[in-house]
Amino acid sequence: MLGLVLAVGAGLVALTGRAPVASPPVAPPPVAPATSARPSTTAPPPRPGPAYPVRRVGTLGDRSALVSGRGDAQLRYTRAPGNGTRLHFICTGCDARTWLVEWPRGTAVGGGPLADPTAVTATLDTSVGERGVRGRATRLVVAAPAHAEWTVTLTPFDVVPLHEATFDGLGDDVVAVRARGDLALRCGAAGSFRVLARPARAAEYVDGGVRRTGATGTSAVPAVRGTDRLVVEVACPGRWTLTLP
């Protein structure tokens, strides 16, 4: 058999003057790049509409309001007079497609889809006086998988339990403190904080803006003159300590 193959090859060379050229190898089909299931943070935040069933919470007063649900929803409530609102959200079955968006401002909690939707603590209703934000009515859009079960707790700032001595915390939180001087926040990693307070003769809580903490060490948390109640929103990925004077 080998002799026959060699003979055929020799005959081809004799007839054409050159050896047969092998066919080029067939390239494998291109592989599509892997894509993430996480929505882009540049996507527009979900807006209130028919896709989000309405849950009426009513007017917030001298206690927290608790609402439980499943999947998509829009919670309609009226904030307490002169108050922002502390949001606490816990969810079983939520994933990277989960959003919490405060309207009419259109602000997404966390800046986009929730990084960790199992438990979130944040502030709402701190945009009083901004363009397009009038009155005290808020719509909180919850965009979550249909099977997800969640609970939202809404607490007016004046009702957040008050700390009067140094205490520790873990992860993001919104706390209230009574202090007549500057405080100190120690976070074991890079984080941030902001102070909200209602000074004397002010009708609303005033947002002091976000300040960054160092990767290590202690950051000064300035007190606000004219009030002894401060609401501090802490963003720290680990354990932290807030030292009161």
Side-chain angles (χ1 to χ4, degrees), residues 34 36-45 84-91 94-102 105-127 130 140 142-144 150 152-155 157 160-198 205-225 227 229-245:
S36 171
R38 182 181 176 87
S40 169
T41 56
T42 60
T85 306
R86 179 186 189 269
L87 164 72
H88 184 57
F89 175 83
I90 58 175
C91 184
C94 285
D95 57 20
R97 297 168 293 174
T98 305
W99 292 68
L100 297 173
V101 188
E102 173 195 350
R105 186 179 182 184
T107 303
V109 173
L114 298 177
D116 180 8
T118 57
V120 176
T121 305
T123 58
L124 302 173
D125 305 318
T126 61
S127 58
E130 292 189 5
L140 178 65
V142 180
W150 47 260
V152 167
T153 304
L154 303 170
T155 306
F157 283 174
V160 176
L162 200 60
H163 292 272
E164 301 186 70
T166 297
F167 66 100
D168 296 332
L170 181 64
D172 298 352
D173 206 349
V174 177
V175 298
V177 299
R178 173 171 288 157
R180 300 185 182 278
D182 291 351
L183 302 86
L185 174 66
R186 182 177 182 85
C187 175
S192 65
F193 68 90
R194 64 173 175 161
V195 176
L196 301 107
R198 190 173 55 215
Y205 275 79
V206 177
D207 187 348
V210 176
R211 304 190 184 195
R212 300 293 177 184
T213 63
T216 59
T218 302
S219 301
V221 180
V224 178
R225 292 183 178 181
T227 181
R229 170 182 276 266
L230 305 178
V231 172
V232 184
E233 183 174 22
V234 179
C236 178
R239 185 168 296 280
W240 50 268
T241 300
L242 190 60
T243 303
L244 278 66

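Atom set for the values below is all heavy atoms of this structure, side chains included, hydrogens, waters and symmetry mates excluded. We're numbering straight along the sequence, starting at 1.
Applying the side-chain contact (heavy atoms from CB on, under 4.5 Å) test between P45 and each of T107, L100, V101 identifies V101 as the sole match. Exactly one of D125, L87, T85 qualifies for a side-chain contact (heavy atoms from CB on, under 4.5 Å) with L140. That residue is L87.
T155 has its side chain out of reach of V174: every pair of non-hydrogen atoms, C-beta onward, lies at least 4.5 Å apart.
In this structure, W99 and P44 approach most closely via the heavy-atom pair CH2-O, 4.2 Å. Between L230 and A197 the shortest heavy-atom distance is CD2-CB, 3.7 Å.
Residues meeting the side-chain hydrogen bond (donor to acceptor under 3.5 Å, both in side chains) test with D182, sequence neighbours left out: none. Scored by the salt bridge (charged side-chain N to carboxylate O under 4.0 Å, His left out) test, R180 finds D228 as partners (sequence neighbours excluded). For H163, the side chain to side chain contact (heavy atoms under 4.5 Å, CB included) partners two or more places apart in sequence, or in a different chain, are F167, V175, V177. Residues that satisfy the salt bridge (charged side-chain N to carboxylate O under 4.0 Å, His left out) test with R212, not counting sequence neighbours, are absent from this structure. Take V120 and apply the side chain to side chain contact (heavy atoms under 4.5 Å, CB included) test, not counting sequence neighbours, and it matches F89, V109, L114.
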Quiz: residues 233-245 side-chain donor-acceptor pairs under 3.5 angstrom, not counting sequence neighbours:
residue: E233; atom: OE1; partner: T123; partner atom: OG1; Å: 3.1
residue: E233; atom: OE1; partner: R194; partner atom: NE; Å: 2.6
residue: E233; atom: OE1; partner: R194; partner atom: NH2; Å: 3.1
residue: E233; atom: OE2; partner: T123; partner atom: N; Å: 3.4
residue: W240; atom: NE1; partner: G171; partner atom: O; Å: 2.8
residue: T241; atom: OG1; partner: D168; partner atom: OD1; Å: 2.7

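Side chain of R229 to backbone of F157: a donor-acceptor contact under 3.5 angstrom is found.
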